[in-house]
Every structure is written in structure tokens, then in C-alpha cells.
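Worksheet: one structure, shown below.
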Amino acid sequence: MLAAIDVITWIAVVCGLSFVVLLGIILSPWPRDKHDPRRLDKDVETRLLLREDPDELADELDAEEHARSSVADIRRDERRSG
């Protein structure tokens, strides 16, 4: 009789721990999905998945980055007066 209680107790403990571990896995936050600073831009990711040449894509992105100018780079006479 005493051995049967011990077996049932061990089964209950194992089931309880398994449930807690499973619940922790399901409910745990995944920081890589939420706050990954290295995540690619959606357009870049799509173009890479469509098997575009990464070197060509990098060249295009560099050209776009250099084409943008900050407000400090614009001369006063080029600024629009409102």
C-alpha cells in the first residue's frame, strides 16, 4: 500500500513538472523575435529571398544612402522658403 502511494506521488510530481516546463516554453517571451537590432529591412529580406544578387543589392543600398542628404548639407539658397 505504501509503495503504491509513492508511485502515484512520483507520477503526479513528474506530470506537474512537465506541465510547468511546457507552459514555460509556450508562454516565454522570445527576445530575438521582438528586439533583434540586426533584423533586415522587409524589402531587403524579400529581395534576398527572391534570390537577387546580394552584392548588387548592397551597391543599390549604398547608392541610396549616399543620395540622401541631411538638412545641414543643403545650402541656404536651395532650401524652400515658406
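Numbers here are sequence positions counted from 1.
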Inset, instruction - With E45 as reference, evaluate L48, D43, L49 under the side-chain contact (heavy atoms from CB on, under 4.5 Å) test and give the passing residue. - result: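 The option that passes is L49.
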Inset, instruction - From the options V7, I8, V14, select the one residue that forms a side-chain contact (heavy atoms from CB on, under 4.5 Å) with I11. - result: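 Only one option passes, and that is V7.
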Legend entry - Members sharing V20's hydrophobic cluster (side chains within less than 4.5 Å):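 Its cluster partners, ordered by chain and number, are none at all.
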Legend entry - Rounded distance [0.5 Å steps], CG in L61 versus CZ in R47: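 Spacing of CG (L61) from CZ (R47) equals 6.5 Å.
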Inset, instruction - Not counting sequence neighbours, which residues clear side-chain contact (heavy atoms from CB on, under 4.5 Å) with D53? List them please. - result: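 Partners of D53 under the side-chain contact (heavy atoms from CB on, under 4.5 Å) test: D55, E56.
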Inset, instruction - List for me each residue that meets side-chain contact (heavy atoms from CB on, under 4.5 Å) alongside L17, sequence neighbours excluded, and say none if there are none. - result: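 For L17 the side-chain contact (heavy atoms from CB on, under 4.5 Å) partners, ignoring immediate neighbours, are V13.
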Legend entry - hydrophobic_cluster_shared for L50 and V44, side chain cutoff 4.5 Å: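 In one cluster: no.
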